[in-house]
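Some notes on the structure that comes next.
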Amino acid sequence: MVSPSTFRKKLYHWSSLHPRKDPWIEERDPYRIWISEVLLQQTRSDQARSRYISFLKRFPTLNSLANAKEEAVLLQWQGLGYYARAKNLLRAARILESDYNGIFPQTPAALSTLPGIGSYTAAAIASFAFGHPTAVIDGNVIRVLSRILGIPYLPDTSALKASWQELAQRYLDKSAPARYNQAIMNFGALQCKPAAPGCSDCPFAIYCEAHRSGRIRDYPAKKKKLPRHERHFNYFLMVDPDGKCAIHQRDHDDIWGGLHQLPMIETSNKTEAADFDDYRLKDAFPWILHPTRPEFLASKTAVLSHQLVHCIFYRLSCHAHSAKIKPLLSFENTQNLVNFAFPSVLRRFITDSLKKGLC
DNA sequence: AACGCGGGGAT
DNA sequence: ATCCCAGCGTT
């Protein structure tokens with residue numbers, strides 16, 4: 001078993017040979033670190049990198065974020081997924097302004113009271129910004145320590161979370177928490193990768209229990225597979241005589257909460273254009289007047305972690321009974337659609353439709 | 001303790 | 001096809 005001091009020494013040596021060039025590297029400002037860490041929650045650095053730059057350009061300071069509208073933050077987050085992250089960023093920014101005088105608290109315990117900041121993000125901000133001696137535990141840290149020490153268990157109960165924290169804490173370099181946390185995560189991401197890890201030139205191969213036993217695949221244990229719920233979303237590209245297009249904001253208690261979409265009818269099965277007669281359209285959309293027969297345009301499946309959302313897109317022309325339009329629905333000029341946040345499957349469809357002149 | 005929440009890249 | 005990503009909040 002590798003001792004903490006040997007582990008750190010070899011980790012730092014590996015680290016010096018594998019410099020990383022992410023824009024948040026060496027960052028000390030808690031606001032910027034916070035943004036990067038939330039972006040990186042369940043998101044690869046390749047995907048987060050450009051978003052980090054653009055988010056900070058749009059919201060350069062805590063104050064600018066706290067004063068933003070949710071719609072603006074969601075627009076910035078468009079296409080990234082897990083949109084609760086964006087909504088929690090805004091909530092936390094407002095709490096930091098109102099309750100903390102715009103100053104970040106410096107301990108993991110205080111940080112983790114903020115919405116969207118859990119144990120990982122709290123440890124990351126505290127160690128990177130303030131040098132707090134707390135070990136981060138993310139997917140990388142778990143994989144590295146799990147393999148080297150031969151511990152298969154994921155921290156998926158409160159007891160296992162506690163023992164993992166205790167273990168990670170023993171290996172942490174308490175004199176340089178930021179450097180250590182950064183290094184072990186980089187090592188996990190670049191060397192001790194989930195699939196095809198670089199064991200042949202790994203500095204820990206001689207200590208590694210997973211490598212010794214030839215059971216690398218068993219460390220750490222796999223999360224149990226989740227069945228995917230299938231859904232059918234029937235979207236209607238509705239164009240009024242002015243060329244405006246109907247959009248509506250989704251409820252917050254379902255996927256893509258708070259984002260926009262086209263008027264939609266969810267069905268339990270696949271549909272075709274003939275399934276939607278005037279009666280059915282008026283039942284679903286009480287404000288609709290003189291709809292033309294829906295025309296099939298496209299179908300596309302959105303693959304989510306827990307759901308398979310089959311989207312079918314139809315087009316129709318109509319008028320709108322303005323008095324019956326609900327608050328969350330509106331007709332927008334098509335050139336204005338770039339100012340609303342859509343889930344990726346809809347953003348792609350809308351972009352294509354504009355290109356083809358369908359709206 | 002278990003589940004819901006996106007989207008994408010690597011294998 | 002499958003895995004899983006610098007996780008978190010709700011139930």
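On a predicted model such as this, the values are computed, not experimentally measured, just so you know. Each chain gets a letter, A, B and so on, in the order the sequences are listed, and its residues count up from 1.
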Report task. Using a 3.5 Å limit on both pairing distances, list the dot-bracket string of DNA chain B from the 5' end; Watson-Crick and G-U wobble pairs count, crossing pairs take [ ], interstrand pairs take |. Result -> |||||.|||||
Query raised in the report: Quick one: does A/R20 reach the base of C/dA6 with a side-chain donor-acceptor pair under 3.5 Å?
Result: yes
Report task. Please figure out whether A/A221 or A/S112 has its closest DNA chain C nucleotide nearer the 5' end. Result -> A/A221
Query raised in the report: DNA chain C: A/G116 or A/N140, which has the more 5' nearest nucleotide?
Result: A/N140
Query - Spacing between A/Y82 atom OH and C/dC4 atom P, to the nearest angstrom - result: 14 Å
Query raised in the report: Between A/F276 and A/F236, does the ring centroid distance fall short of 6.0 Å?
Result: yes
Query - Exam field: side chain A/R231 to backbone A/C311, donor-acceptor pair closer than 3.5 Å - result: no
Query raised in the report: If you take atom types as modelled and just measure distance, does the side chain of A/T43 reach the base of B/dG7 with a donor-acceptor pair under 3.5 Å?
Result: no
Report task. Return no unless some side-chain N or O of A/K222 is found under 4.0 Å from OP1 or OP2 of C/dC3. Result -> no
Query raised in the report: Would you say the side chains of A/R51 and A/T43 form a donor-acceptor pair under 3.5 Å?
Result: no
Report task. Just call it for A/I117: base, sugar-phosphate, or nothing, with non-hydrogen atoms closer than 4.0 Å on any strand. Result -> sugar-phosphate
Query raised in the report: If you look at every strand shown and take non-hydrogen atoms under 4.0 Å, does A/R348 touch a base, only sugar-phosphate, or nothing?
Result: sugar-phosphate
Query - Nearest-nucleotide comparison on DNA chain B, the residue closer to the 5′ end among A/A159 and A/L226 - result: A/A159
Query raised in the report: Base, sugar-phosphate, or nothing for A/K224, non-hydrogen atoms under 4.0 angstrom?
Result: sugar-phosphate
**Report entry** For atom CZ of A/R85 and atom P of B/dG8, their distance in whole Å
**Finding:** 12 Å
Query raised in the report: Taking only N and O in the side chain of A/Q41, is any of them less than 4.0 Å away from OP1 or OP2 of C/dG7?
Result: no
Query raised in the report: Whole-Å distance between C/dA6 P and A/L145 CG?
Result: 15 Å
Query raised in the report: Ignoring hydrogens and geometry, is there a side-chain-to-backbone donor-acceptor pair from A/E209 to A/L149 under 3.5 Å?
Result: no
Query raised in the report: Which is true for A/S36 with a 4.0 Å heavy-atom rule: it touches a base, it touches only sugar-phosphate, or it touches nothing?
Result: nothing
Report task. Ignoring the backbone of A/T157, work out which of B/dA1, B/dG7, B/dG4 is nearest its side chain. Result -> B/dA1
Report task. Would you indicate whether A/H13, at its atom NE2, is surrounded by more than 12 heavy atoms from other residues, nucleotides or ligands within a distance under 6.0 Å? Result -> no
Report task. Could you work out the separation of C/dA6 and B/dA10 based on their P atoms and round it to a whole Å? Result -> 12 Å
Query raised in the report: Which part of the nucleic acid does A/R143 contact within heavy-atom distance under 4.0 Å: base, sugar-phosphate only, or nothing?
Result: sugar-phosphate
Report task. Could you tell me whether A/Y100 and A/F104 have their ring centroids closer than 6.0 angstrom? Result -> no
Report task. Please work out if A/W77 contacts a base, only the sugar-phosphate, or nothing of the nucleic acid, heavy-atom cut-off 4.0 Å. Result -> nothing
Query raised in the report: Is the shortest side-chain N/O distance from A/W24 to OP1 or OP2 of C/dA6 below 4.0 Å?
Result: no
Query - d(NZ, A/K225; C1', C/dC3) in whole Å - result: 10 Å
Requested in this report: Look at A/Q42 and B/dC5 and indicate whether a side-chain polar atom (N or O) is within less than 4.0 Å of OP1 or OP2.
Outcome: no
Query raised in the report: For A/L308 and B/dG7, what is the distance between atoms CG and P respectively, to the nearest whole Å?
Result: 13 Å
Query raised in the report: Is the backbone N or O of A/K174 less than 3.5 Å from a side-chain atom of A/Q169, with the two atoms forming a donor-acceptor pair by type?
Result: no
Requested in this report: Classify the nucleic acid contact of A/I142 as base, sugar-phosphate or nothing, counting any heavy atom under 4.0 Å across all strands shown.
Outcome: nothing
Query raised in the report: What about A/Q182, does its side chain sit under 3.5 Å from the base of C/dA6 through a donor-acceptor pair?
Result: yes
Report summary line: Picking from B/dG6, C/dA6, C/dC3, the nucleotide nearest the side-chain atoms of A/Y83 would be B/dG6
Query raised in the report: Any donor-acceptor pair under 3.5 Å joining the side chain of A/S305 to the base of B/dG6?
Result: yes
Requested in this report: Quick one: label A/G188 by what it contacts on the DNA or RNA (base, sugar-phosphate, nothing), any heavy atom closer than 4.0 Å.
Outcome: nothing
Requested in this report: Please confirm whether the backbone N or O of A/A135 pairs with a side-chain atom of A/Q165, one donor and one acceptor, at under 3.5 Å?
Outcome: yes
Query raised in the report: Counting only heavy atoms not in A/K222, do more than 12 fall under 6.0 Å of its NZ?
Result: yes
Report task. Could you tell me whether A/N88 contacts a base, only the sugar-phosphate backbone, or nothing, with contacts defined as non-hydrogen atoms closer than 4.0 Å? Result -> sugar-phosphate
Requested in this report: Write down the distance between CD (A/Q47) and C1' (B/dG9), rounded to a whole number of angstrom.
Outcome: 9 Å
Report task. Select base, sugar-phosphate, or nothing to describe what A/D254 touches, counting heavy atoms under 4.0 Å on all strands. Result -> sugar-phosphate
Query raised in the report: Considering only side-chain heavy atoms of A/L304, which listed nucleotide, B/dG8, B/dG6, C/dG7, is closest?
Result: B/dG6
Query raised in the report: CE of A/M185 versus P of C/dC4: gap in Å, rounded?
Result: 19 Å
Report task. Any chance you could lay out the side-chain hydrogen bond (donor to acceptor under 3.5 Å, both in side chains) test for A/D22 and A/S45, step after step, and finish with the verdict? Result -> CA-CA 8 Å; A/D22 294 313; A/S45 51; 4.5 Å; no
Query raised in the report: Between atom CZ in A/R217 and atom P in B/dT11, what is the gap in whole Å?
Result: 15 Å
**Report entry** Whole-angstrom distance between B/dG8 and C/dC8, as gauged at atom P
**Finding:** 22 Å
Query raised in the report: Of the nucleotides C/dC8, C/dA6, B/dG6, which one has an atom closest to the side chain of A/I255?
Result: B/dG6
